[in-house]
Protein chains: 2
Amino acid sequence: MTAPLYGYTILDLTHVLAGPFCTMTLSDMGAQVIKVEPPGTGDDTRTFPPFKDGKSAYFAAINHGKKSIALNLKEDGDRQTFEKLLARADVIVENYRPGVMERLGYGWDDLHAAFPHLVYGAVSGFGHTGPDSKRPAYDMVVQARGGVMSITGEKDRDPVRAGASIGDIVAGMFLCQGILAALLDRERTGKGRKIDVAMLDSQLAILEHAIAITSVTGQAPGPSGARHPSITPFETFHASDGLFVIAAGNDRLFEKLCIALNLPLADDDRFASNAERCKHARLLKRLIEAVTLDNTRAYWIARLTAAGIPTGPIQSVDQVMRDPQILARNMLVDVLDKNGRQAFKAAGNPIKMSDAPDPTSRGPAPDLDGNRGEILRWLEQG
Amino acid sequence: MTAPLYGYTILDLTHVLAGPFCTMTLSDMGAQVIKVEPPGTGDDTRTFPPFKDGKSAYFAAINHGKKSIALNLKEDGDRQTFEKLLARADVIVENYRPGVMERLGYGWDDLHAAFPHLVYGAVSGFGHTGPDSKRPAYDMVVQARGGVMSITGEKDRDPVRAGASIGDIVAGMFLCQGILAALLDRERTGKGRKIDVAMLDSQLAILEHAIAITSVTGQAPGPSGARHPSITPFETFHASDGLFVIAAGNDRLFEKLCIALNLPLADDDRFASNAERCKHARLLKRLIEAVTLDNTRAYWIARLTAAGIPTGPIQSVDQVMRDPQILARNMLVDVLDKNGRQAFKAAGNPIKMSDAPDPTSRGPAPDLDGNRGEILRWLEQG
């Protein structure tokens with residue numbers, strides 16, 4: 001059992017979410033992640049609620065198992081330490097505003113000249129090029145400007161954000177992909193590359209059907225509420241005791257659904273193909289609900305599942321955290337404190353890999369500068 | 001200029017979105033992607049609206065630049081062709097329901113024994129283990145069961161889905177990360193690995209603050225509306241002509257915001273730290289809106305941007321597709337038809353990499369079985 005990224009070292013200058021999420025994934029796959037934090041304050045999320053025993057659960061959720069050293073990159077002694085770290089690391093990741101690394105003398109051109117093996121990953125609000133490159137951004141700014149908010153929420157009401165911080169997280173994930181591809185490429189060339197991911201670009205990259213619709217019809221889609229605009233039936237339906245989901249994504253599933261609901265619509269021209277069903281989506285929803293309102297969510301989920309139709313409940317986060325499938329997949333792990341006791345719960349590693357360990361706990365999130373001695377000793381070992 | 005995955009071949013048995021999104025990213029980074037589709041129908045999304053000249057824009061958005069061969073994996077001749085492809089490919093990706101590949105004789109154990117170099121990536125609704133492993137799922141089923149819908153939408157109203165299909169897309173992205181890490185690992189071991197990603201797991205993996213909050217307080221968060229629950233101010237605000245976003249993620253930005261709004265709150269104990277601001281979020285929102293209602297969105301976005309505060313508009317998808325920053329970053333590309341004419345617009349590659357090409361157009365999405373001759377010739381070349 002060996003983690004696939006065992007032996008790789010990531011120098012992590014990131015803060016808040018996009019960058020730290022990227023390096024968490026690399027850590028979960030076995031890389032050593034060394035967080036280089038500004039002395040005094042460290043990563044902003046150390047102050048984000050909720051707290052337990054004075055520690056931020058938010059910070060712990062994203063930074064478990066990483067190491068921390070506080071370095072002032074404007075001070076000579078700390079710069080020397082930093083440069084020793086650069087020489088040993090495989091990857092540097094940062095999410096400063098474009099220009100900050102250049103002012104420190106650690107922009108891509110300088111780094112690539114001095115450490116040609118080093119892969120440089122940057123994630124920023126708007127990217128390292130373009131007219132708005134230097135503007136600051138957080139998750140909501142790019143969910144809003146990038147179009148995701150315009151398709152999320154209910155028709156004729158104010159837009160809402162996706163509850164998960166996908167403005168940050170998706171960008172961090174694209175960066176992780178770029179870093180891994182660059183490491184693979186380095187096996188052939190011996191040389192690192194720079195990866196420049198923008199949070200705004202990353203929102204556009206996940207709009208799939210919305211760009212397709214706008215490109216073909218000239219009309220931008222509005223908020224999708226609780227249904228997918230290109231697939232029908234694919235939404236929430238009322239049972240006698242509340243809402244549940246049915247997602248019948250092709251003709252075969254629609255036929256099975258009609259049988260399971262005892263609703264003779266499969267031969268009806270208006271519902272004969274997904275394209276036709278999309279045209280008559282509101283009528284179809286009313287017809288299906290006329291039946292589903294007759295019994296409970298649990299009844300329908302069991303009945304439709306037995307018939308092989310994708311369906312399920314809408315779960316709150318505490319329900320998800322008790323979901324037997326989630327627990328069977330080791331998707332909820334303990335984050336330990338320094339004494340090895342369970343301090344927090346956090347999401348497990350969703351990348352399950354053969355012959356790789358999938359531990360049920362994670363080491364603590366580091367105190368600011370908490371691994372200085374250990375890191376300096378590792379550097380001396382050369 | 002070389003794409004980082006140049007020379008890699010991906011055998012792509014996937015359909016709909018999670019798998020095809022994963023292989024699109026690999027294709028955008030230079031890999032050759034060969035879609036192996038069932039004869040007759042092919043990928044379900046070939047029938048998804050909207051259409052242009054009889055072609056699905058949805059299918060084109062995710063499958064541009066890939067090649068297609070139709071193979072019946074229950075027929076001897078086609079199985080021989082498929083096995084020649086397995087011998088040549090670096091990666092096989094599939095998103096069938098768990099058990100389907102085993103019944104075809106192409107489960108991981110069989111494949112790994114016959115083709116030890118091959119990396120095997122699987123994405124499914126619930127994963128290859130656990131009590132619900134064999135259940136079918138689509139995006140909405142996992143957005144609902146996985147908790148994302150419970151935190152998306154407005155308080156005291158029905159939950160809505162995130163408008164982007166993050167139930168599929170995020171799972172496809174985790175799979176892509178796993179595949180790249182396994183290819184990197186293969187450089188040391190010569191051996192492939194199996195990666196098993198579940199769409200349900202992937203939803204839990206992006207819940208960040210929601211798991212932290214539930215784990216510490218025992219209370220699951222409700223729908224977040226248009227604000228982040230752990231950062232304040234970080235939400236939409238009314239200007240005189242509509243909504244815009246302010247995201248001031250730390251004390252320094254909050255001080256700057258107070259100055260820009262001419263609102264003397266920076267020294268007020270109730271707003272002295274992010275934790276305090278979160279406690280008094282509703283009061284703070286009213287105070288800020290008391291000022292922002294006095295002028296237009298454009299005025300405030302310009303004024304706050306000049307002051308270095310993260311802010312921006314809520315754009316519809318057609319507005320995003322005209323955004324100068326998006327266009328400057330080559331984030332909207334032409335998908336060509338067979339005659340080299342622009343047929344569709346699609347999202348560009350968000351992973352910008354030094355010395356890698358970033359073309360402004362993509363080859364056509366393949367017709368079903370449209371590259372058979374070319375693929376068979378490539379196999380013969382050995």
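Worth saying up front: this structure is predicted, and the values here are computed from it rather than measured. First the proteins, then the strands, lettered A, B, ... as listed; each starts at 1.
Listed options Gly130(B), Gly225(B), Ala328(B) were ranked by heavy-atom pairs under 4.5 angstrom with chain A; first place goes to Gly225(B). Per-residue counts of heavy-atom pairs under 4.5 Å with chain A were compared for Leu180(B), Leu175(B), Val148(B), Thr47(B); the largest is that of Leu180(B). When each of Asp185(A), Ile179(A), Val160(A) is checked for heavy-atom pairs under 4.5 Å with chain B, Val160(A) comes out on top. With respect to chain B, the highest number of heavy-atom pairs below 4.5 Å among Thr152(A), Leu184(A), Val16(A) belongs to Leu184(A). With respect to chain B, the highest number of heavy-atom pairs below 4.5 Å among Arg97(A), Gln219(A), Met321(A), Met149(A) belongs to Met321(A). Note on Ala343(B), Ser316(B), Pro223(B): by heavy-atom pairs under 4.5 Å with chain A, the leading option is Ser316(B). Of the listed residues Gly147(A), Pro131(A), Ala57(A), the one with more heavy-atom pairs under 4.5 angstrom with chain B than any other is Pro131(A). Heavy-atom pairs under 4.5 Å with chain A were tallied for Asp139(B), Val335(B), Asn250(B); the largest tally goes to Asn250(B). With chain A as partner, the option from Pro221(B), Pro50(B), Ala162(B), Gly222(B) having the largest number of non-hydrogen pairs under 4.5 angstrom is Pro50(B). Among Gly312(A), Gly30(A), Ala247(A), the residue making the largest number of heavy-atom pairs under 4.5 Å with chain B is Ala247(A). For the set Arg186(A), Gln319(A), Lys52(A), Glu235(A), the count of heavy-atom pairs under 4.5 angstrom toward chain B peaks at Glu235(A). For the options Ala61(B), Ala205(B), Gly192(B), heavy-atom pairs under 4.5 Å to chain A are most numerous at Ala205(B).
In this structure, the side chains of His128(A) and Lys352(B) stay at 4.5 Å or more apart for every pair of heavy atoms. A 4.5 Å side-chain heavy-atom check between Val141(B) and Thr311(A) finds every atom pair outside the cut-off. Side-chain contact between Gln177(A) and Thr25(B): present, with at least one pair of heavy atoms (C-beta onward) separated by less than 4.5 Å. Annotation: side chain of Lys345(A) is not in contact with side chain of Val216(B) (no heavy-atom distance under 4.5 Å). Annotation: side chain of Arg227(B) is not in contact with side chain of Arg161(A) (no heavy-atom distance under 4.5 Å). Counting only heavy atoms from C-beta outward, the side chains of Leu17(B) and Glu208(A) approach each other to under 4.5 Å. At a threshold of 4.5 Å between non-hydrogen side-chain atoms, the residues Cys176(B) and Met173(A) do not count as touching. Here the side chains of Ile314(A) and Arg145(B) are not in contact, with every heavy-atom distance at 4.5 Å or above.
Of the atoms belonging to Thr45(B), not a single heavy atom falls under 4.5 Å from chain A. If you measure heavy-atom distances from Ala346(A) to chain B, the contacts under 4.5 Å come from the backbone alone. Proximity to chain B is absent for every atom of His15(A), based on heavy atoms less than 4.5 angstrom apart. Only the side chain of Leu207(B) comes within less than 4.5 Å of a heavy atom of chain A; its backbone N, CA, C and O stay farther away. For chain B, the nearby part of Ile62(A) is the side chain; its heavy atoms alone come within less than 4.5 Å. Both the backbone and the side chain of Ala164(B) come within less than 4.5 Å of a heavy atom of chain A. Proximity to chain B (any heavy atom under 4.5 Å) is restricted, for Leu253(A), to the side chain, taken from C-beta onward. Both the backbone and the side chain of Ile213(A) come within less than 4.5 Å of a heavy atom of chain B. Proximity to chain B (any heavy atom under 4.5 Å) is shown, for Leu204(A), by both the backbone and the side chain. When heavy atoms are compared at a cutoff of 4.5 Å, Ser230(A) approaches chain B by way of both its backbone and its side chain. Heavy atoms closer than 4.5 Å to chain A are found nowhere in Tyr120(B), neither backbone nor side chain. With a 4.5 angstrom heavy-atom cutoff, Glu187(A) touches chain B only via side-chain atoms. Only the side chain of Ser224(A) comes within contact range of chain B, with at least one heavy atom under 4.5 Å from a heavy atom of that chain. Residue Met29(A) touches chain B through its side chain alone, counting heavy-atom pairs closer than 4.5 Å. In this structure, no portion of Asp251(A) lies under 4.5 Å from any heavy atom of chain B. Of the two parts of Asp323(A), only the side chain, counted from C-beta on, holds a non-hydrogen atom closer than 4.5 Å to a non-hydrogen atom of chain B. For chain B, the nearby part of Ile231(A) is the side chain; its heavy atoms alone come within less than 4.5 Å. Neither the backbone nor the side chain of Phe244(A) comes within contact range of chain B; no heavy atom of the residue lies under 4.5 Å from a heavy atom of that chain.
For the residue pair Ile206(A) and Ile169(B), the shortest heavy atom distance occurs at O-CD1, 3.5 Å. Here the closest non-hydrogen pair linking Ala212(A) and Tyr58(B) is CB-N, 4.0 Å. Here the closest heavy-atom approach between residue Met353(A) and residue Ala182(B) is recorded as SD-CB, 4.3 Å. Of all the heavy atoms in Arg188(B) and Tyr6(A), the pair that sits closest is NH1-O, 2.7 Å. For the pair Ala181(A) and Pro4(B), the tightest heavy-atom approach, listed with the atom from each and the gap, is O-CB, 3.9 Å. Contact detail for Asn274(B) and Pro49(A): the closest heavy-atom pair is ND2-CD, 3.6 Å.
Annotation: the span from Arg135(A) atom CZ to Ile309(B) atom CD1 amounts to 12.5 Å, rounded to 0.5 Å. Interatomic distance, Ile151(B) CD1 to Ser165(A) OG, rounded to the nearest 0.5 Å: 8.0 Å. The distance from the CG atom of Leu332(A) to the CD1 atom of Ile211(B) is 6.0 Å, given to the nearest 0.5 Å. Summarising the geometry, atom CG belonging to Leu200(A) is positioned 8.5 Å from atom CE belonging to Met331(B); distances are rounded to the nearest 0.5 Å. The line from CG of Leu243(A) to CG of Asp158(B) is 4.5 Å long, rounded to the nearest 0.5 Å. Interatomic distance, CD1 of Ile351(B) versus CD1 of Ile195(A), reported as 8.5 Å (0.5 Å rounding).
Applying the side chain to side chain contact (heavy atoms under 4.5 Å, CB included) rule to Ala171(B) yields the partners Val123(B), Val197(B), Met199(B), Ser202(B); only residues at least two apart in sequence or on another chain are considered. Looking at residues two or more places apart in sequence or on another chain, you find a side chain to side chain contact (heavy atoms under 4.5 Å, CB included) between Ala275(B) and Phe51(A), Ser273(B).
Here Arg329(A) does not pair with Asp132(B) in a salt bridge; the nearest charged N to carboxylate O distance is not below 4.0 Å.
Side-chain N/O atoms of Gln315(B) and Ser150(A) include no donor and acceptor closer than 3.5 Å.
Gln325(A) places no side-chain N or O within 3.5 Å of a backbone atom of Gly127(B) that could act as its donor or acceptor partner.
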Using the rule given for side-chain contact (heavy atoms from CB on, under 4.5 Å), can you reason through Tyr138(B) versus Val245(A), listing the C-alpha separation, both sets of side-chain angles and the distance that settles it, and then say yes or no?
CA-CA 10 Å; Tyr138(B) 278 95; Val245(A) 169; over 6 Å; no

